[in-house]
Amino acid sequence: MTTNYTGNNRLQGSLPRIGIRPIIDGRRGGIRESLEDVTMEMARATAELLTNNLRHSNGLPVECVIADTCIGGVVEAAMAEEKFARAGVGLTLSVTPSWCYPTETIDTHPYRPKAIWGFNGTERPGAVYLAAAMSAHNQKGLPAFSIYGRDVQDIGDSSITPDVQEKLLQFARAGLAVATMQGKSYLSMGHVSMGIAGCLADESFFQRYLGIRNEYVDMTEFVRRMELGIYDREEFDKALAWTKEHCIEGAEVNPEHLQRSEQQKQGDWETVVKMTLIARDLMIGNPKLAELGFGEEALGRNAIAAGFQGQRAWTDYFPNGDFMEAILTSSFDWNGIREPFMLATENDTLNGVTMLFGHLLTNAAQIFADVRTYWSPDAVKRVTGYELEGAALDGLIHLINSGPAALDATGQMEVDGKPAMKPFWDITSEDAERCLQATRWCPAVDFFRGGGFSTDFTTRGGMPVTMARLNIVAGIGPVLQLAEGYTVELPEEVHDKLDQRSNPTWPTTWFVPRTTGEGLFKDVYTVMNHWGSNHAAVSYGHIGGDLITLASMLRIPVSMHNVPEERVFRPSAWTSFGGMDPVGADYRACQAFGPLYK
Ligand SMILES: C[C@H](O)[C@@H](O)[C@@H](O)C(=O)CO
Ligand SMILES: [Mn+2]
């Protein structure tokens, strides 16, 4: 399989760059001159760190743009701003080892994420500037992130200490996510699925918090395109052949009278492959369609995320979207290894956004899941006779989407010998093949009268993951909740007994959140009992700190998390909203500053 960088970067809009702003004491005749080199070196070192450690989710390198001069006053600040505007800078990092003049030099862009690294060296009062600049940002209502290393360094020491590196990268990952979403679309294919409120696209939320435009297409568009052949028919032939070779049919669990004939199933395979091509083309377009005479369709909808309603209007008659959603959210298909798409089942727009957050922060595929069942140790013992042990000692949560999930979630890829979900550029064709081999495609069950093929696999245990969900609550607006934890594996016969009670043809991830013995993380049951929706998006790694940083940039409060304090990184202003009560301060700050794009 080849690695294919053309994935989703047919999206319009430049990939955001990071602006680096070297700030300096403007006094010439000695002071400024003595600082020029060391300040510009800080900028170069910062740019090198970011470029070497960050990539856009489509695999392209993240570029930094350094101001042409050190910024000692308002004119040089304006010159830098002009350069950044031309270069598509979406977030800025100011760096300085010395005292400078805050209101003359800070980044006053109204919504662009911004941070300042004040060098901890006492030859010059860099930290004094940092605090004064933060005070200016806070007085002006332009929240900014403060980065200050713990140990004093000698002036001229151009190394970036690990604690500063961590903060610079955490800020940059979240800031890139904010900037990447701006100006893109969320495409609803269909509308509300079975009364799920998350399907209601809250345009005010998308526009004012994310800068994302809502686009809509009726599901009949799939019928039009299939019947009129508005898809790349050569690719279809290639895709169908690949599907027949790599997608192994699984158990037929339907009763006789509901089973579809072999002929029907062959037709269903063709339909679901076409649906996959069409959904992708609807999201990001396809120049091949223009060659077929369909210029408008070739453009797509510039969708960085989308949802497919599926149930029930479509699935009561046509094959369901499980294959389409599973393949598109995976990091590979018949064209090779590529960036996964963010495609929400049942068009749950809020879970789709949560998937998008996780994807932009990790660059990996995301799991869409129903949060279906909490299994207590007693219940597992009663039903299976098995005593839960190890990480599952306190019980476990059955995450199982109603049919599809990214094949990356099989956990067949590894990092350092452990199950993982990797950015597509680190995935090998052997990884992809193992994921496919660990998956069975089972004829759809009775919920889906029109047939289709659901994604049956069980995630390997031992993977660090973060479960999250964006909710919208009247009177507050968007609220994020998250739980870091691990996947766990049950003995096969135990899993089968529990799985058979649910829907054994669907994808299972057994999840145990990290609990603290108190509050919302008192125990596993409490986490499930306070989950705000039927769905969750699951990312690889413990990314709760990054999600908290991202949420603060978007002014979205976090209602529930189990992230240790040292990984919680928000703008310095949050402290003034009651740093002794961080959760309340978060709510008060988000309320006070309001949506990022107002
Ligand atoms: C098949 C069922 O209708 C499921 O799709 C339904 O229970 C859900 O997934 C609800 O989120
Ligand atoms: Mn669901």
Side-chain angles (χ1 to χ4, degrees), residues 186 188-201 219 250-255 258-260 268 272 275 279 305-326 328-329 342-356 358 366-375 397-406 409 441-457 459 467-472 481 498-511 528-538:
Y186 175 94
S188 293
M189 298 184 270
H191 196 225
V192 174
S193 172
M194 301 178 292
I196 297 171
C199 309
L200 293 162
M219 290 184 286
E252 166 64 86
V253 299
N254 289 300
L258 287 181
Q259 291 184 17
R260 293 171 73 84
D268 293 347
V272 298
M275 287 167 65
F308 181 69
Q309 175 191 336
Q311 298 180 74
R312 291 190 13 212
W314 179 271
T315 57
D316 281 357
Y317 187 66
F318 289 107
N320 68 18
D322 289 358
F323 176 84
M324 170 184 79
E325 291 166 25
L328 287 179
T329 54
M342 296 302 115
L343 181 53
T345 300
E346 293 153 12
N347 188 33
D348 180 343
T349 67
L350 296 176
N351 219 54
V353 169
T354 314
M355 291 170 82
L356 180 60
Q366 304 294 306
I367 305 172
F368 184 112
D370 278 12
V371 184
R372 180 153 178 164
T373 311
Y374 164 70
W375 279 96
I397 298 175
H398 191 184
L399 301 178
I400 173 170
N401 196 20
S402 52
W441 300 88
C442 301
V445 293
D446 53 354
F447 290 114
F448 306 105
R449 301 173 190 164
F453 299 93
S454 296
T455 325
D456 179 20
F457 62 70
T459 305
M467 176 171 94
R469 196 357 165 100
L470 189 85
N471 299 304
I472 286 187
Q481 63 182 139
L498 303 184
D499 202 30
Q500 287 298 331
R501 289 171 72 108
S502 66
N503 289 89
T505 59
W506 294 353
T508 280
T509 301
W510 293 109
F511 172 64
M528 168 105 184
N529 198 34
H530 286 85
W531 206 252
S533 143
N534 47 326
H535 291 146
V538 180

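Counting convention: from 1, in listed order, for ligands and their atoms alike. Given the structure is predicted, the values throughout are model-derived calculations rather than measurements. FYI, the numbering just counts along the sequence from 1. The figures here come from the full heavy-atom set of this structure, side chains too, leaving out hydrogens, waters and symmetry mates.
Side-chain atoms of T329 do not come within 3.5 Å of backbone N or O of M342 as any donor-acceptor pair.
Looking at W506 against ligand 1, only its side chain comes within 4.0 Å, counting heavy atoms.
Residues I196 and H535 are in side-chain contact: their nearest non-hydrogen atoms beyond the backbone lie under 4.5 Å apart. By the 4.5 Å heavy-atom criterion applied to side chains, W375 and L498 are counted as neighbours. When side chains are defined from C-beta on, T508 does not count as touching L399, because their heavy atoms never get closer than 4.5 Å.
Not a single heavy atom of R312 sits less than 4.0 Å from an atom of ligand 1.
Proximity to D370 (heavy-atom distance under 4.0 Å) selects the following atoms of ligand 1: 8 (C), 9 (O), 10 (C), 11 (O). Atom numbering of ligand 1 starts at 1 in the shown order; those under 4.0 Å from a heavy atom of Q311 are 1 (C), 2 (C), 3 (O), 4 (C), 5 (O). Atom numbering of ligand 1 starts at 1 in the shown order; those under 4.0 Å from a heavy atom of F447 are 1 (C). Heavy-atom contacts of S402 reach the following atoms of ligand 1: 1 (C), 4 (C), 5 (O), 9 (O) (cutoff under 4.0 Å). Of all the atoms in ligand 1, the ones that sit under 4.0 Å from a non-hydrogen atom of H535 are 11 (O). Residue-ligand proximity, N534 to ligand 1, at heavy-atom distances under 4.0 Å covers atoms 10 (C), 11 (O).
Side-chain atoms of Q481 and H530 form no donor-acceptor pair, as typed in the model, at a separation below 3.5 Å.
Just one of T345, N401, N503 meets the side chain to side chain contact (heavy atoms under 4.5 Å, CB included) condition when paired with D370; it is N401.
Counting backbone and side-chain atoms alike, E346 contributes an N/O/S atom closer than 2.8 Å to the Mn ion (ligand 2).
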Apply side-chain contact (heavy atoms from CB on, under 4.5 Å) to F368 and N351, showing your working. CA-CA 8 Å; F368 184 112; N351 219 54; 3.3 Å; yes
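Angle subtended at the Mn ion (ligand 2) by H535 NE2 and D370 OD1: 80°, rounded to 10 degrees.
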